[in-house]
Structure formats: structure tokens, C-alpha cells
Undergrad: 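The structure is given below, and queries will be raised subsequently.
Numbering of ligands and ligand atoms starts at 1, following listing order. Heavy atoms only: backbone and side chains are in, while hydrogens, waters and symmetry mates are out.
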Amino acid sequence: MRVTVCGAAGEVTGSCYLVETERAKLLVDCGLFQGNRDADEKNLAALPVDPSELDAIVLTHAHLDHSGRLPLVVKRGYAGAIHGTPPSLDVCEILLEDAAHIQAQTVGHINKRRRRNHEPLIEPLYRREDVDKVVGLFAPLPYDTPREVAPGVSARLVEAGHILGSSSVVLTVQEGGAERTVLFSGDIGPWDRPILRDPAPPSSADVVFMESTYGGRDHRSLHDTVEEFHGILEDAVRRRKKLLMPVFAVGRTQQVFYHLASAFRSGRVPKFPVYLDSPLGQKATALYMKHRCIYDEEMNELRQTQQLKQDLSSLQYTQTPDDSRALNDVDGPCLIMAGAGMCNGGRILHHLRHGLERPDVEVILVGFMARHTVGRTLAEHAHTVRIFGDDLRVRARIHTLGGFSAHAGQTDLLRWLGIVAPSQPRLVLTHGEEDERLALAKQAQDRFGLAAERPELGDVLEL
Ligand SMILES: [Zn+2]
Ligand SMILES: [Zn+2]
């Protein structure tokens with residue numbers, strides 16, 4: 001068998017593996033390249049397989065950098081099943097719908113200008129109809145339940161602790177009378193986080209494809225991060241500040257809710273208005289409520305006692321663009337949470353354009369900010385930021401909270417690897433910028449004696 005790395009090689013986006021055996025061809029993940037300037041080109045490039053020849057697609061989780069090329073593959077002829085955990089497929093549906101909606105909007109704006117200048121019009125990567133076709137192929141696969149997804153290939157999904165429904169994929173391949181196990185980590189979450197269960201990788205594999213997003217560093221501890229967050233809230237209420245927080249709709253939003261609830265419950269922070277200005281975030285929160293099977297014990301208890309609902313009584317959801325604009329006139333103290341998480345689009349940009357030049361505004365950045373995003377520019381404390389063509393002088397205070405990440409830091413990545421390492425698998429590192437990947441490779445060698453490979457985009461590994 002062989003595996004072709006079709007994305008997330010030396011970078012964090014575009015996750016996609018083509019697995020080929022004597023009898024079967026399948027993809028594990030089919031993610032979008034995001035952020036970089038050559039992303040569009042890479043997204044449109046053909047995969048090294050005719051999609052109509054694929055037997056199956058298996059998803060680790062719903063994030064677009066793992067699922068966002070699905071509509072393209074379906075457009076080009078794939079008509080087989082798309083396997084993922086039931087919550088994952090639900091989340092994938094809302095994320096892909098949202099992506100199609102944003103593309104339609106963006107292309108609409110660009111084409112308006114092009115039409116004026118008599119330039120040729122451009123097409124979106126995909127449309128809502130394409131997403132509907134993808135959803136029609138969804139084949140929910142519960143956790144820890146092996147299923148033959150292609151001739152001679154069985155897939156089992158195990159908890160990855162990253163977002164709602166996230167999994168690692170364990171492929172068992174029968175070929176030439178031998179059986180081999182290939183583990184794809186997907187994105188790995190940290191241990192001991194609220195809401196989700198801890199990652200649960202298998203204890204043995206012949207080959208491991210592992211993410212390395214934070215291969216070289218640890219996040220600030222969750223405890224210190226929560227302290228800092230509660231401190232910012234306390235101060236904001238006292239000084240009547242307006243807080244802006246870019247959030248990812250899935251995972252980050254619900255985690256922030258959890259820590260807001262604990263701040264209000266303890267009485268350390270008096271209740272003040274919180275707005276979730278993200279229809280997508282609201283949908284994702286509803287999915288978290290629907291799929292209770294993924295909760296850890298503490299979360300189950302909070303839900304059963306209705307405690308969370310009471311704690312978050314000052315939370316309001318905004319729907320229409322008018323509701324969103326109305327928040328411009330709301331005075332502090334308040335917290336406005338809006339997407340996109342890295343400020344590379346979405347309603348948060350409007351709030352930032354309105355608020356960045358004001359000294360009574362504070363911005364709370366949480367989590368990974370990819371290169372070439374407004375979020376990264378703010379995190380690096382630039383004096384000016386360009387939004388919608390305007391150069392804004394940053395007078396708002398910028399906070400960066402390190403410990404709310406949905407990604408394992410180096411210590412937890414090694415904890416994860418330590419579970420499968422005794423079986424001495426062949427280790428392949430992906431999904432990380434090169435310096436992070438190198439750092440993790442060194443640790444894998446020092447701690448477990450595993451010589452990690454670091455493939456480039458398009459590399460083919462014979463297993
Ligand atoms: Zn992810
Ligand atoms: Zn990812």
C-alpha cells in the first residue's frame with residue numbers, strides 16, 4: 001500500500017491523504033488550504049486520483065482545513081460514502097454551508113468590481129448545491145465501531161479531544177495475506193479540558209501520521225489562562241470597557257462560554273451583557289447540546305442541573321446584519337464574540353473596524369493565528385491594521401490568551417505519542433509549520449527512539 005500526502009505538509013492547512021492498496025483507494029480527510037497566498041491555486045489543483053475511482057472518504061473532524069475540499073471532489077465525480085462520527089458530520093454540514101455562503105458573498109463583491117471594469121468574472125470554489133450533494137453522501141460512523149469502508153480496509157474512529165466529534169482514524173488494511181494498521185491522528189486536543197473527553201489513541205500501529213501544530217511549544221497553563229481571562233473581565237466591568245473577541249464557531253465559542261459561566265458563578269465577575277454575534281456559532285452551540293454523548297462527566301452534571309443556563313442568563317444571540325450593526329451603539333461593559341476566529345473574514349472585522357481606534361475597546365485574541373491574517377497582525381502588536389481597505393491606528397488594548405487552544409501543546413502531543421510509541425510504529429509528521437515539526441521530530445527521537453519523517457506536499461510513502 002502507499003499513501004500520498006495531498007496537504008498539510010510543512011503547514012497546518014489542507015489535510016488530505018490518498019491511501020491506495022491493491023484493492024482500494026480512499027481519502028482520509030479532504031481539507032482546504034487556507035491563509036497563504038497560493039491557497040486558491042492549491043485548492044483547485046487536481047488530486048493525484050480521479051475522484052470517481054475512490055472507494056471511500058473518511059473524515060477525522062469537521063474543521064474546514066480537514067473537510068473543505070469535499071465539495072470540489074464531489075463536483076469532480078466522487079459519489080461514494082463520506083464516513084465520520086455523527087457529531088462530526090453535523091458540524092461539517094454547517095461549516096460547509098457557511099463556507100459556500102461566504103464564497104458567494106466574496107465572489108459577488110469581486111465580480112461587481114470586475115463587471116464595472118469589463119474584466120472576466122470569477123467563479124466560487126463551490127456553491128450551496130455542491131454542499132448539499134456532499135451532505136447526501138454522509139455515512140455516520142459512531143466512535144469505536146469498526147466498519148469496512150473499502151475492500152480490505154476497515155476504519156475505526158477514536159476520540160481525539162479536539163472539537164465536537166473529532167476523531168483519530170485507525171485503518172486496518174488486509175493486503176497480500178498481511179494485516180497492517182495505519183493511524184491518522186487528525187488534530188489532537190489537550191488533556192483535562194472542560195466539556196470534551198480526553199484523546200484515546202490505540203496502543204499500537206504500524207504507521208502513524210501525526211499532527212505537529214504545536215510540536216515545539218506548550219501553551220500557557222489552562223489555570224493561568226482562566227485567571228487572566230477572569231481578570232480581564234473583572235477589569236472591563238469596573239472600567240466599563242467594550243470587549244471584542246474573535247472566536248471559532250465550533251469549540252472555541254463553547255469553551256469561552258464555559259469559562260464565562262464559571263466567572264459569573266463564582267461571583268468574581270458581576271454578570272454583564274455578552275453577545276454571540278455569530279449565527280454559525282449559535283448553530284454549533286446547538287449541536288453541542290444535541291450530541292451530549294461527547295461530554296465529560298463534569299459537563300454532563302452541569303447540563304443536568306441546568307446550572308449553565310442560569311450562569312449564562314446575560315448571553316444574547318444576534319441574528320441579522322442589522323442586529324450586528326446595532327452592537328456598535330452598545331456601551332460597555334459588554335463582550336462581543338464574533339467570527340472568524342483568525343479575523344480573516346466574518347462579522348468580527350466590522351466590529352474591529354468600528355472599535356480598534358477607540359481606547360475604551362479591548363480585543364481578546366485566543367488561539368492560533370495563521371500568517372497573513374488580521375488576527376496575526378494584531379497579535380504581533382502592529383500599530384496599524386488594514387481592514388476593508390482602511391488603515392486603522394490601533395488604540396484598543398490587545399490581549400492574547402494562550403491556553404484556550406483546542407490543540408495539544410508539545411507535552412500533550414508527546415503524551416499521545418507515548419501511548420502508541422511502544423509498538424515502534426513508523427512515524428510521519430504532518431500538519432505543522434516546519435520549525436514545529438522539526439522540534440517534535442527531535443522529541444520523538446530523544447524520548448521514544450522514533451525517527452520521524454517529514455514529507456513534502458505530493459510525496460508518496462510506500463508502506
Ligand atoms: Zn481542527
Ligand atoms: Zn487541522
Side-chain angles (χ1 to χ4, degrees), residues 5-17 27-36 39 42-43 57-70 84-85 87-96 98-99 157-169 183-190 193 195-197 199 201 208-215 219 246-255 280-281 284 287-288 294 339-342 344 366-371 373 375 404-409 412-413 416 428-434 436-437 440 455 457:
V5 181
C6 309
E11 61 180 315
V12 296
T13 67
S15 276
C16 183
Y17 304 92
L27 295 182
V28 173
D29 283 344
C30 192
L32 206 62
F33 291 96
Q34 295 169 302
N36 292 339
K42 279 151 92 179
N43 286 326
I57 299 179
V58 185
L59 279 191
T60 61
H61 68 291
H63 275 150
L64 286 179
D65 65 310
H66 296 256
S67 72
R69 271 190 283 170
L70 284 174
T85 68
S88 215
L89 296 180
D90 273 358
V91 176
C92 193
E93 179 176 350
I94 64 169
L95 289 185
L96 288 176
D98 187 65
L157 306 176
V158 297
E159 181 62 70
H162 169 60
I163 58 162
L164 178 66
S166 66
S167 65
S168 301
V169 174
L183 169 61
F184 297 86
S185 72
D187 289 1
I188 301 166
R193 284 306 144 111
I195 307 174
L196 296 179
R197 300 173 301 189
V208 177
F209 288 84
M210 183 185 178
E211 69 119 323
S212 56
T213 317
Y214 287 96
H219 308 294
V247 283
F248 293 101
V250 184
R252 186 63 43 73
T253 294
Q254 295 75 29
Q255 205 191 352
L280 183 64
L287 289 181
Y288 267 78
I294 52 95
M342 297 192 279
N344 47 341
V366 261
F368 186 83
M369 300 290 157
R371 290 195 183 116
T373 59
F404 282 164
S405 180
H407 282 276
D412 280 337
L413 286 177
W416 187 92
V428 185
L429 295 182
T430 54
H431 199 293
E433 287 173 6
E434 198 51 31
E436 302 286 338
R437 182 156 83 146
L440 190 63
L457 183 62

Undergrad: Check whether any N, O or S atom of His162, backbone or side chain, sits closer than 2.8 Å to the Zn ion (ligand 1).
TA: yes
Undergrad: How are the rings of His431 and His407 set relative to one another: parallel (under 30°), tilted (30 to 60°) or perpendicular (over 60°)?
TA: tilted
Undergrad: Considering only N, O or S atoms, which atom of Asp187 is nearest to the Zn ion (ligand 1)?
TA: OD2
Undergrad: Examine His63 and say whether one of its N/O/S atoms is closer to the Zn ion (ligand 2) than 2.8 Å.
TA: no
Undergrad: So how far is it from Leu287 CG to Ile94 CD1, rounded to the nearest 0.5 Å?
TA: 4.5 Å
Undergrad: For Leu164 and Ile294, what are the C-alpha separation, side-chain angles and deciding distance, and is it a side-chain contact (heavy atoms from CB on, under 4.5 Å)?
TA: CA-CA 7 Å; Leu164 178 66; Ile294 52 95; 3.3 Å; yes
Undergrad: Please evaluate residues Tyr17 and Thr430 with respect to the criterion side chain to side chain donor-acceptor pair (under 3.5 Å), reporting the C-alpha separation (whole Å), side-chain torsions for both, the decisive distance (0.1 Å), and the verdict.
TA: CA-CA 11 Å; Tyr17 304 92; Thr430 54; 2.7 Å; yes
Undergrad: With rounding to the nearest 0.5 angstrom, report the CD1 to CD1 distance, Ile163 to Ile195.
TA: 12.0 Å
Undergrad: Backbone or side chain, does His61 get an N/O/S atom under 2.8 Å to the Zn ion (ligand 2)?
TA: no
Undergrad: Could you check which N/O/S atom of Asp65 is closest to the Zn ion (ligand 2)?
TA: OD2
Undergrad: Within 2.8 Å of the Zn ion (ligand 1), is there any N, O or S atom belonging to His407?
TA: no
